[in-house]
Amino acid sequence: MTDPYGYYDFSDDYRNDGGDGGDDCCGTLSPQEVLRRHWGYDSFRPMQAEIVHSVLDGRDTIGLLPTGGGKSITFQVPALMLPGLTIVVTPLISLMKDQVDNLAARNIRAAYLHAGMTRAESDYAFERCRQKRVKLLYVAPERLSSERFTAMLRTIETSLIVVDEAHCISQWGYDFRPSYLTIATLRDMLPGVPVLALTASATPAVVDDIALRLGMRNENRFSLTFSRDNISFLVRHTEDKFGKLIDILKATSGSAIVYTRSRRRTAELASQLAANGVQALFYHAGLESHDKAARQDDWQSGQTRVMAATTAFGMGIDKPDVRLVVHYDIPSTLEEYYQEAGRAGRDGQPSVAVLLVSNRDKATLSRRLTKAFPDKDFIRKVYDEICRFLVLPMGEGFGAVFDFKPEIMCVKYRLPERETMSAIGILARSGYFEFVEEMDIEAQMMINLKREQLYGIDLPQLEEDVMNHILRTYGGIFTDLVQINESLIAAACGITPQTVYDILCRWRREHIIAFIPRRRTPYICFTANRVPSASLTFPKEVYEDRRTAMERQLKAMERFAFDDSSCRVAHMLRYFGEEGAGDCGKCDICRSRRPAARTPFDPADFERRLDTFFSMIAPCEWLDTQSLRPHYPRHFDEVASHLRLMVAEGRLRADGIYVAKPTL
């Protein structure tokens, strides 16, 4: 049955044997039955079942599953079988929204919390959790230290803590995030609740650090090999990357992603590809949400073959038949490269991952280290400029939240943008503030009136058309805040998005609806009062240790790209701790070692070429058969055999190793 919120009621499917069918969801169904009922799969993928059973046994668990390995299933299935709430800590707001939407489509109740939400939105999510109308709560790590969040947790039964992208908690990981360290306090609050840590790429040192940071003891560790046997990893050295890209696209078929590190270059590549007859779109985090959705839909449906994108494209993208992933710019780490290249061939079919490198890329990697760890005096200067830009007085700021666009500050104060962004990251990891980029939240709406009251209101025809479209399109809108898309409503009603926005605002003023407009802005939250920049300190693990770790990662990436002496995949697997990895047989290095394919001997072609050889000598002269050897280095035995056959048939005369045309 459906509940008043329009979501699926679990009580009938997951009723405890001795319970009353109310809130307890321990259930009599097996994990396989839950999987089949909600996802339609008859069996788990490799290692999923082991992780699910470990979680259900109450064990702390670490799961290393490659990109496309189905990490979400390993906690979503247990979440439906456990009696309380499952908390999922994840750093990706867009992925939170996608996961919650996907679960809702399967009649599974979920919600999310992140720092960009209004107090009213957060209160509503909290209340749904208290009323046990949510089974999975996705939480941004910065919310874990909120007093309101911890107070809410004390009133709710929690059965499982999931740490997605768990490498973010490790200072040795390629994407360390200080906010992840607050997960340890969550463990302190819920000491008996098991933790599941998941990641797609982590070295052995990072896995050990994950277990340490999460306070795990005697944890179960499950890992699939990082080998992707259906992907051929190729490196192509070229000074003409675009020309090589065109060659690759012409030599392959199927959907493709071309990754680049520059937003500007995504648009340039898409335009150049289109000019060369290749269907292409571009994608980056700076696009409007409706543009992102439209482009993603076009690519996923196959209407567009190539997506030229930054790394903002890919997380949560579930397209199994990507045949080609090209890296136009060299990544900084093998972890990044493996995750992004691994978006090819999720259906298990043969696919290709190509890294394009030029002679300049070695210097590019070196510059990245300098830009990622600028001089400490420069970092202090950036701190002062941020406070000046935000008009933050000395000794104030604790808990203050500001909309903050660093690119505007960089222009105003003539700061180099990349080094400034790195400085902001180091300041955040050092605990002076939190910075969240590219916040993009869709508009939300709920009708405050009962249905019969709404129908009693006399609306102008245009507004009535808008309301009717909303009622037809968005279910559950009388009982819940529902995400709406003003641009799509406008297109359906033949008006502009601004007109839709104006109508919704008027309805809100008249209390017909609750309406939270769409907003998109980065923000900064100060976790300490402003101090003199000269007193700023940067912990060794934030600056020196991280710099050393990045230098090691850059060297591993450089070796992968430029060392042509050994199998590239074996090098990558050893980096991830698989010491016994052998040659893959499919990378460009292994392919170059294969003997060239041996084409079969063609007697008819040989006789035609033999006539050419005879035409080059006088009719009465003999042809030395050894002179044919350089022309047939792999087929000379067949040549000699065929010459003997021609002699036996009277078509040639022989004298030792010489042959001639028969005398007429």
Side-chain angles (χ1 to χ4, degrees), residues 89 91 115 140-145 163 165-186 197 199 201-203 205-215 332-333 335-336 365-387 392 397-398 404 406 409 415-437 522-557:
V89 182
E142 64 269 10
R143 294 306 299 263
L144 301 179
S145 56
V163 183
E165 308 294 337
H167 55 270
C168 294
I169 201 172
S170 171
Q171 65 169 328
W172 309 119
Y174 73 96
D175 194 19
F176 172 62
R177 304 191 183 207
S179 56
Y180 258 60
L181 298 176
T182 58
I183 299 173
T185 62
L186 191 61
T199 181
S201 54
T203 62
V206 169
V207 175
D208 290 340
D209 203 32
I210 289 170
L212 176 66
R213 301 276 178 175
L214 292 175
S332 294
T333 70
E335 289 95 333
E336 288 177 61
L365 292 176
S366 297
R367 285 195 300 273
R368 284 183 193 162
L369 184 65
T370 303
K371 291 179 183 295
F373 292 91
D375 183 86
K376 291 182 179 180
D377 286 340
F378 177 79
I379 300 172
R380 294 185 177 96
K381 177 183 178 181
V382 169
Y383 177 81
D384 278 337
E385 299 293 35
I386 290 171
C387 295
L392 182 66
F398 175 72
F404 177 54
M409 183 188 74
L415 296 171
E417 188 167 340
R418 288 188 181 178
E419 288 88 337
T420 299
M421 292 306 299
S422 297
I424 289 171
I426 292 169
L427 288 163
R429 289 192 287 273
S430 298
Y432 295 105
F433 51 69
E434 292 179 358
F435 175 63
V436 177
E437 296 183 80
Y523 68 89
I524 191 170
C525 174
F526 279 79
T527 52
N529 287 326
R530 180 183 177 182
V531 297
S533 60
S535 68
L536 296 179
T537 59
F538 310 107
K540 180 174 177 288
E541 62 269 19
V542 169
Y543 193 89
E544 284 80 8
D545 289 351
R546 285 297 304 144
R547 191 181 193 283
T548 299
M550 183 177 182
E551 189 172 15
R552 185 170 56 249
Q553 291 165 334
L554 288 167
K555 286 186 180 301
M557 189 70 234

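- When all heavy atoms are compared, the tightest approach of M421 to P406 is SD-CB, 3.6 Å.
- Closest of all the heavy-atom pairs between I386 and F404 is CG1-CZ, 4.0 Å.
- Panel note: side chain Y383, backbone V531; a donor-acceptor pair is recorded below 3.5 Å.
- Remark: R546 CZ to R429 CZ distance equals 6.5 Å, nearest 0.5 Å.
- Remark: D377 engages R380 in a salt bridge, criterion side-chain N to carboxylate O under 4.0 Å.
- In this structure, OG1 in T333 is found 10.0 Å from CZ in R368, a value given to the nearest 0.5 Å.
- For the pair E417 and K371, the salt-bridge criterion is not met [side-chain N within less than 4.0 Å of a carboxylate O].
- Summarising the geometry of G397 relative to L392, their closest heavy-atom pair is CA-CD1, 3.5 Å, with the distance given to 0.1 Å.
- Between atom CZ of residue R418 and atom OG1 of residue T370 there is a gap of 12.5 Å, rounded to the nearest 0.5 Å.
- When the shell of 6.0 Å around NZ of K555 is examined, it contains 12 or fewer heavy atoms from other residues, nucleotides or ligands.
- The shortest non-hydrogen separation linking L365 to S332 is CD2-CA, 4.4 Å.
- A side-chain donor-acceptor contact under 3.5 Å links T527 to the backbone of G431.
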